[in-house]
Amino acid sequence: MHSFGYRLNALFTFAVTILGFICAIASFTDTLNSPSPSVQVQVLNVNWFQKQPNGNDEVYLTLNISADLQTLFTWNTKQVFAFLAAEYETPKHPLNQISLWDAIIPTKEHAKFTIHTSNKYRFVDQGSNLRGKEFNLTLHWHVMPKTGKMFADKLVLPGYRLPAQYR
Ligand SMILES: *[C@@H]1O[C@H](CO)[C@@H](O)[C@H](O)[C@H]1NC(C)=O
Ligand SMILES: *[C@@H]1O[C@H](CO)[C@@H](O)[C@H](O)[C@H]1NC(C)=O
């Protein structure tokens, strides 16, 4: 005769095994999903562009960010963290990366959006390198799954340029 406790234990083990199996399937089907996100960003305005008393350049922009990240979402997606970074080269550093805006996208329904915003974080160069500077705007994202590994990717929008003069 099996005791009640034994049967409960067996049931529990079975449940955990099934759960593990479902998790494995979930993260596997995620790897089969090949997302095709898209993003467009316009710099609508350079609100101001100055050299600070400490010698660092700072620019304040108005952006129009339009993105469709819906294909990043599968039934195994918990949320997506996205951030838009200005990326540029200086004599000292081949890659300077400054986050201008970010968001946590909780659902697929929220993953297609257009926002009109000024930079949420300060766009300051540790030096005086921004006049006439060419830069990329890169949308980075981290997909946090309900189960399995997090993954990250990005889309690079090249070819932006800051004004040649402070204003
Ligand atoms: C922002 O971008 C979207 C998509 O490119 C466009 O439809 C919209 O008119 C733009 N908004 C402004 C204020 O330029
Ligand atoms: C900007 O984008 C271009 C084209 O993708 C790339 O060649 C270049 O290295 C990028 N610049 C930086 C600083 O990441």
Side-chain angles (χ1 to χ4, degrees), residues 27-146 148-167:
S27 44
F28 178 68
T29 57
D30 258 9
T31 64
L32 298 180
N33 181 42
S34 49
S36 51
S38 65
V39 62
Q40 287 123 38
V41 182
Q42 292 160 273
V43 177
L44 295 179
N45 194 37
V46 177
N47 304 320
W48 45 262
F49 181 24
Q50 288 164 358
K51 188 188 183 103
Q52 300 171 331
N54 63 12
N56 292 340
D57 280 354
E58 176 164 11
V59 62
Y60 188 54
L61 304 171
T62 300
L63 304 169
N64 183 23
I65 307 168
S66 198
D68 183 349
L69 305 180
Q70 288 188 316
T71 54
L72 295 177
F73 283 79
T74 68
W75 62 278
N76 187 37
T77 306
K78 190 167 162 209
Q79 61 184 25
V80 172
F81 173 69
F83 70 97
L84 185 75
E87 298 179 346
Y88 59 96
E89 204 180 311
T90 55
K92 275 193 188 160
H93 305 286
L95 177 62
N96 299 269
Q97 192 184 59
I98 296 176
S99 176
L100 301 182
W101 171 86
D102 62 13
I104 290 170
I105 304 163
T107 64
K108 188 172 184 169
E109 288 65 44
H110 291 87
K112 190 174 179 180
F113 56 87
T114 295
I115 57 160
H116 188 194
T117 179
S118 41
N119 46 288
K120 188 167 159 186
Y121 304 109
R122 295 176 67 194
F123 188 167
V124 178
D125 180 61
Q126 299 304 314
S128 189
N129 299 296
L130 294 185
R131 273 170 302 167
K133 176 59 69 183
E134 248 190 68
F135 65 105
N136 296 342
L137 286 173
T138 305
L139 187 74
H140 296 257
W141 58 83
H142 295 259
V143 178
M144 298 167 197
K146 289 177 184 150
K149 268 201 274 243
M150 186 173 92
F151 71 95
D153 206 348
K154 63 181 180 182
L155 261 176
V156 182
L157 305 172
Y160 296 84
R161 186 185 285 277
L162 288 169
Q165 303 299 328
Y166 298 120
R167 54 168 83 160

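Indexing begins at 1, ligand by ligand and atom by atom, following the structure's order.
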Option among Leu44, Thr117, Val46 that satisfies the side-chain contact (heavy atoms from CB on, under 4.5 Å) test with Leu61:
Val46
Side chain, backbone, both or neither: the part of Leu95 lying under 4.0 Å from ligand 2 by heavy atom
side chain
Indicate whether the side chain of Tyr88 and that of Asn129 have a donor and an acceptor atom separated by less than 3.5 Å.
no
In terms of ring plane angle, is the pair Phe123 and Phe135 parallel, tilted or perpendicular, where the classes change at 30° and 60°?
perpendicular
Where ligand 1 meets Ser66 - atom numbers and elements under 4.0 angstrom, heavy-atom basis
4 (C)
Which of the numbered atoms in ligand 1 are below 4.0 angstrom from a heavy atom of Gln40?
5 (O)
Closest to atom 4 (C) of ligand 2 among protein heavy atoms sits Pro158 CB, 4.1 Å
Provide, to 0.1 Å, the distance between atom 5 (O) of ligand 2 and the closest protein heavy atom, together with that atom's residue and name.
Val156 CG1, 4.0 Å
Do you see a protein non-hydrogen atom under 4.0 Å from atom 14 (O) of ligand 1?
yes
Report yes or no: do His93 and Thr90 form a side-chain donor-acceptor pair below 3.5 Å?
no
When Gln42 is tested against each of Leu157, Leu137, Ile65, Asn64 for side-chain contact (heavy atoms from CB on, under 4.5 Å), which residue passes?
Asn64
Can you check whether His116 has an N/O within less than 3.5 Å of an N/O in ligand 1?
no
Return the option from Leu44, Asn64, Thr62, Val41 holding the heavy atom at the smallest distance from atom 3 (C) of ligand 1.
Asn64
With backbone taken as N, CA, C and O and side chain as the heavy atoms from C-beta onward, which portion of Phe135 lies under 4.0 Å from ligand 2: side chain, backbone, both, or neither?
neither
How far is atom 12 (C) of ligand 2 from its nearest protein heavy atom, and which residue and atom is that?
Asn136 ND2, 3.5 Å
Using a 4.5 Å cut-off on heavy atoms from C-beta on, say whether the side chain of Phe49 contacts that of Arg131.
yes
Counting only heavy atoms not in Lys78 (residues, nucleotides, ligands), do more than 12 fall under 6.0 Å from its NZ?
no
Does the protein place any heavy atom closer than 4.0 Å to atom 9 (O) of ligand 2?
no
So for atom NZ, which belongs to Lys112, do other residues, nucleotides or ligands contribute more than 12 heavy atoms lying within a distance under 6.0 Å?
no
Going by the order shown, which atoms of ligand 2 are within less than 4.0 Å of some heavy atom of Tyr88?
13 (C)
